[in-house]
Amino acid sequence: MHTITETDIEAIERATVAAVSPDLTEELDGWLLPFAEGTVKRAKSAVPLHRAAVDPGTIDRIEDRCDSRQVVPVLRLADADCFDSLRAELERRHYVGDSPTLVQVGSTPRMLRVAEGGGAPADVDTTPDDAWAGLFLGEGFDPVDGAHRVRTLARAKGTLFASVREGGRTVAAGAMAFGHGWCSVHGMRTDLAQRGRGLAGRVLAGLAQAAMSRGFERVFLQVDAANPPALALYRRAGFETHWQYRYWQRQQWPR
């Protein structure tokens, strides 16, 4: 398994937030506090940059910052033992944790090999074209969430956009961001009617080639813990899970 240090954890969390280009990001008590409109939770959930116990006073200050901006507090918190007391405090405050997500780490050379025998690597561009964006709005995807994801990925600086094109259409797509010594995979999508053909592997391969040409070897991604096809793909591409997180949100009660 790839060795991940405390420094790596901070770098991955900073890179994760930067990749989804929130409107504003603050730092408070060793946490990042991004603020953004839309449906992308990573762009608007507070996240610790460390693995250490958290004083309840920090949660008070995070809540105050969110309340001052009239947004519901959301925390993106790893299922780590050091946060056991914090989770208990959040439950006491009527927060609920959901959407378990895995943070996985791999290498671009291994990622490149996932497409062997499955066709040419995807084309990679510096800006998303209409066909790339259109895949996020197509059948089987939430168009509102898709529009928000296209917006956040498209405005992040230095992001690359991979497309597998057939007959004038983009049938599989993904994105790669760069920062804090890491590259990261985002926005993987395959047309519903084209799944099972290895197209996502070609997207990963195209992104891996682009990353390697820029001198990046270490790569990470986040994947829904309840998405078996994606987990199988990333396993073949050499990714290994290093932690799981959940989004903890304060419940709003009717008045």
Side-chain angles (χ1 to χ4, degrees), residues 16 19-21 38-43 98-104 106 108 110-156 159-177 183-212 219-241 244 247:
T16 295
V20 291
S21 56
T39 61
V40 182
K41 290 184 178 181
R42 292 176 207 159
D98 64 10
S99 304
T101 304
L102 305 179
V103 176
Q104 299 191 325
T108 51
R110 176 70 184 275
M111 184 171 143
L112 176 62
R113 293 198 297 270
V114 74
E116 288 181 352
D123 299 326
V124 177
D125 304 298
T126 56
T127 57
D129 59 17
D130 290 343
W132 188 95
L135 184 57
F136 285 73
L137 312 177
E139 183 180 354
F141 300 113
D142 181 335
V144 174
D145 180 66
H148 285 147
R149 292 185 185 277
V150 168
R151 174 177 174 270
T152 59
L153 291 172
R155 73 179 188 172
T159 297
L160 299 178
F161 304 88
S163 302
V164 176
R165 300 180 174 103
E166 292 182 352
R169 297 174 56 244
T170 294
V171 291
M176 175 165 277
C183 56
S184 52
V185 176
H186 304 271
M188 294 288 291
R189 292 289 188 278
T190 300
D191 186 300
L192 286 181
Q194 305 298 329
R195 291 182 177 176
R197 297 177 50 206
L199 301 181
R202 293 172 59 187
V203 170
L204 290 180
L207 294 173
Q209 280 187 338
M212 292 169 67
V219 56
F220 73 88
L221 55 80
Q222 290 102 349
V223 56
D224 184 343
N227 187 342
L231 292 172
L233 168 67
Y234 299 141
R235 190 179 307 114
R236 293 195 302 273
F239 284 88
E240 301 169 336
T241 298
Q244 176 175 279
Y247 293 97

Is [Y] close to [X] at the side-chain level, that is, under 4.5 Å between some pair of heavy atoms?
| X | Y | value |
| --- | --- | --- |
| M176 | V219 | yes |
| L204 | M188 | yes |
| L153 | P128 | no |
| V124 | Q209 | no |
| R165 | D129 | yes |

Please report the shortest heavy-atom distance between [X] and [Y], naming the atom on each side.
| X | Y | value |
| --- | --- | --- |
| L137 | G146 | CD2-C, 3.9 Å |
| F161 | A175 | CD2-CB, 4.1 Å |
| M111 | A208 | CE-N, 3.8 Å |
| A162 | V203 | CB-CG1, 3.9 Å |
| A131 | T170 | CB-OG1, 3.3 Å |
| G201 | V114 | O-CG1, 3.4 Å |

Which value, rounded to the nearest 0.5 Å, describes the distance between [X] atom [atom1] and [Y] atom [atom2]?
| X | Y | atom1 | atom2 | value |
| --- | --- | --- | --- | --- |
| L135 | T190 | CG | OG1 | 7.0 Å |
| R169 | D191 | CZ | CG | 5.0 Å |
| S163 | L199 | OG | CG | 12.0 Å |

After noting the C-alpha distance and the side-chain angles of L160 and T126, does the key distance pass the side-chain contact (heavy atoms from CB on, under 4.5 Å) rule? CA-CA 5 Å; L160 299 178; T126 56; 4.0 Å; yes
Using atom types as modelled and distance alone, determine if a side-chain donor or acceptor of [X] lies under 3.5 Å from a backbone N or O of [Y].
| X | Y | result |
| --- | --- | --- |
| T101 | S99 | yes |
| D125 | T127 | no |
| W132 | G174 | yes |
| R202 | A122 | no |

Output all residues satisfying side-chain hydrogen bond (donor to acceptor under 3.5 Å, both in side chains) with [X], sequence neighbours left out; order by chain, then residue number.
| X | answer |
| --- | --- |
| T16 | Q222 |
| S21 | R155 |
| S184 | H186 |
| D145 | T39, R149 |

Which atom pairs, donor and acceptor, lie under 3.5 Å between side-chain atoms of residues 227-237 and protein residues at least two apart or in another chain?
unit_1	atom_1	unit_2	atom_2	d
N227	OD1	A230	N	3.3

Got a sec: does the CG of D98 have more than 12 other heavy atoms crowding it under 6.0 Å? yes
How would you list, by chain and number, every residue that makes a salt bridge (Lys or Arg N to Asp or Glu O under 4.0 Å) with R110, sequence neighbours excluded? none
